[in-house]
Amino acid sequence: MKKSSFSLKNKISYILGGSGLIGRTVCLEFAKAGSVVCLIDKETSSSLKLLEELKKINSKCSFFQLDCSDFEQLEENFNDLLKSFSVPHIFVNCSYPRTKDWANNSFKDVTLESYRKNIDIHLNSYSWTAKMVADEMIKDSIKGSIILTSSIYGSKAQDLSMYKDTNIDENMTYPIIKSGIIHLSKQMASYYGNFGIRINTVSPGGLEGPIAGKSSTQDAIFKKRYINKTPMKRMTRPDDVAHAMIFLASEASSYITGNDIKVDGGISVV
Ligand SMILES: NC(=O)c1ccc[n+]([C@@H]2O[C@H](COP(=O)([O-])OP(=O)(O)OC[C@H]3O[C@@H](n4cnc5c(N)ncnc54)[C@H](O)[C@@H]3O)[C@@H](O)[C@H]2O)c1
């Protein structure tokens, strides 16, 4: 029987940030779709626990510890990764590099130092790792798929009425990073298309869970407002994101590049 166009059977996937809220489900769903997953993350203990689960699905799955914001070592570490495993068919970046004071990046509280550092470690690590993988794909004649995680706030501004009297602030730096990632993928699609390499972004809406940079989760008022505003009347789930990524990773999307898929229950259209 011909395999499904959505299958990832025998495809090697690098999943950077694979241990996080979204990344963990991406790893598991990719492995279930047949992919050999190389989970890449700076965190070791949560990654090794996830690796045990992944190995039950596909014993060839592996883990590589990498801090993608360590620019001094990035190229050397990435070369070690490429030497340890084959050049991937699929590269997903769902990492979330951020400073300890990330939650203070509102217009009111942000410092120039934090603003610059967060753009550097997030936007520049996304850009450089995607370029390194694409260049390796060319050397190995791999017509691969690169999927970068943006956000609805990469193409729309944050609605301030959502945050009023809640435990979450708007963030000056985040939309700059995330719009940069969307435009990076368009520019990469233009350059690497000739080599058969596709680059797309997935832009999730808000997921229920921890607030990035804080130890708390979103409070009830915020969630209620967000859900009320969302046409599909719920927040984004990690598997919503993973399924869009499987589509972009698979042959089913072989003529799609430079696109951004919003996985947001429609909130960005209202
Ligand atoms: N959670 C949301 O509501 C939401 C919504 C839209 C977009 N996003 C985007 O999705 C992506 C994943 O978000 P998440 O909520 O899963 O984040 P998360 O914090 O739960 O997970 C991020 C993962 O990245 C890893 N990581 C962080 N810095 C790293 C570094 N320097 N090197 C290697 N790994 C590193 C962490 O260890 C973690 O496993 C982010 O890019 C985020 O901006 C999240």
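Note that these values count all heavy atoms, side chains included, but never hydrogens, waters or copies made by symmetry. Read the numbers this way: they start at 1 and go in the same order the structure lists the ligands and their atoms.
Protein heavy atom at the shortest distance from atom 8 (N) of ligand 1 is Y174 OH, 3.5 Å. For atom 2 (C) of ligand 1, the closest non-hydrogen atom on the protein side is L207 CD1, 3.6 Å. Annotation: atom 28 (N) of ligand 1 to nearest protein heavy atom, P97 CA, 3.4 Å. Nearest to atom 31 (N) of ligand 1 among the protein's heavy atoms is D67 OD1, 2.8 Å. In this structure, the protein non-hydrogen atom closest to atom 16 (O) of ligand 1 is I22 N, 2.9 Å. Closest protein heavy atom to atom 21 (O) of ligand 1: G20 CA, 3.2 Å. Among all non-hydrogen protein atoms, the one lying nearest atom 23 (C) of ligand 1 is G17 O, 3.7 Å. In this structure, atom 13 (O) of ligand 1 lies nearest to the protein heavy atom Y96 CD1, 3.7 Å.
Looking at S150 against ligand 1, only its backbone comes within 4.0 Å, counting heavy atoms. At a heavy-atom cutoff of 4.0 Å, ligand 1 is contacted by no atom of W102, backbone or side chain. Here L66 has backbone heavy atoms under 4.0 Å from ligand 1, and that is the only part of it that gets that close.
Using a 4.0 Å cut-off to heavy atoms of R98, the atoms of ligand 1 that qualify are 19 (O). Atoms of ligand 1 found under 4.0 Å from any heavy atom of S19 (numbered from 1 in listed order, with element): 39 (O). When each atom of ligand 1 is checked for a heavy atom of Y126 under 4.0 Å away, the hits are 41 (O). Near T149, meaning under 4.0 Å from one of its heavy atoms, ligand 1 places the atoms 9 (C), 10 (O), 11 (C). Interface of S69 with ligand 1, defined as ligand atoms under 4.0 Å from a residue heavy atom, comprises 31 (N). Here is the list of ligand 1 atoms found below 4.0 Å of a heavy atom in G206: 3 (O).
Selection from S203, P238, S95 by nearest heavy atom to atom 40 (C) of ligand 1 gives S95. Ranked by closest heavy atom to atom 39 (O) of ligand 1, the top entry among N93, D41, L21 is D41. Ranked by closest heavy atom to atom 34 (N) of ligand 1, the top entry among E43, K42, M235 is K42. Comparing S46, S47, G205 against atom 5 (C) of ligand 1, the shortest heavy-atom distance belongs to G205.
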**Request:** Please assess R225 against D159 for the test salt bridge (charged side-chain N to carboxylate O under 4.0 Å, His left out), listing each intermediate value before the final yes or no.
**Result:** CA-CA 11 Å; R225 282 184 191 147; D159 173 356; over 6 Å; no
**Request:** Begin from the C-alpha positions of S69 and S125 and carry the test side-chain hydrogen bond (donor to acceptor under 3.5 Å, both in side chains) through to its verdict.
**Result:** CA-CA 6 Å; S69 67; S125 66; over 6 Å; no
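For the pair P204 and ligand 1, the shortest N or O to N or O distance does not fall below 3.5 Å. Below 3.5 Å of separation, one finds an N or O of C68 facing an N or O of ligand 1. In terms of polar-atom proximity, G23 is not counted as a contact of ligand 1, lacking any N or O under 3.5 Å from an N or O of the ligand.
Taken together through direct or relayed side-chain contacts under 4.5 Å among Ile, Leu, Val, Met, Phe, Trp and Tyr, L160 and Y226 form parts of separate hydrophobic clusters. Linking Ile, Leu, Val, Met, Phe, Trp and Tyr residues whenever their side-chain heavy atoms come within less than 4.5 Å places I199 and V133 in a single cluster.
Under a 4.0 Å heavy-atom criterion, K178 is in contact with ligand 1. Within the 4.0 Å heavy-atom cutoff, C94 counts among the residues contacting ligand 1. Proximity of G209 to ligand 1 is not established, as no heavy-atom distance is less than 4.0 Å. By the 4.0 Å heavy-atom criterion, E208 is excluded from the residues contacting ligand 1. Residue contacts with ligand 1 do not include Y153, since none of its heavy atoms lies under 4.0 Å from the ligand.
One finds no salt bridge joining K42 and D70 here, because no Lys/Arg side-chain nitrogen approaches an Asp/Glu carboxylate oxygen to under 4.0 Å. Taking 4.0 Å as the cut-off between side-chain N and carboxylate O, E29 and K32 count as a salt-bridged pair. A salt bridge links E251 to K11: one of the charged nitrogens lies within less than 4.0 Å of a carboxylate oxygen. Note on R237 versus E208: no salt bridge recorded, every NZ/NE/NH1/NH2 to OD/OE distance being 4.0 Å or above.
Closest approach of C68 to L16, counting heavy atoms only: CB-CD2, 4.2 Å.
Within a 6.0 Å sphere centred on CD of Q187, heavy atoms belonging to other residues, nucleotides or ligands number 12 at most. For NZ of K3, the number of neighbouring non-hydrogen atoms (other residues, nucleotides, ligands) closer than 6.0 Å is greater than 12. The neighbour count for K60 NZ, taken as heavy atoms of other residues, nucleotides or ligands under 6.0 Å away, does not exceed 12. In the displayed structure, K55 atom NZ is contacted under 6.0 Å by more than 12 heavy atoms of other residues, nucleotides or ligands.
There is no side-chain donor-acceptor pair under 3.5 Å between S84 and D80. Side chain to side chain, S203 and D260 meet the donor-acceptor criterion of an N or O pair below 3.5 Å.
Qualifying salt bridge (Lys or Arg N to Asp or Glu O under 4.0 Å) partners for E136, counting only residues two or more places apart in sequence or in other chains: K139. For Y126, the ring-ring contact (aromatic ring centres under 6.0 Å, His included) criterion is met by H122, not counting sequence neighbours.
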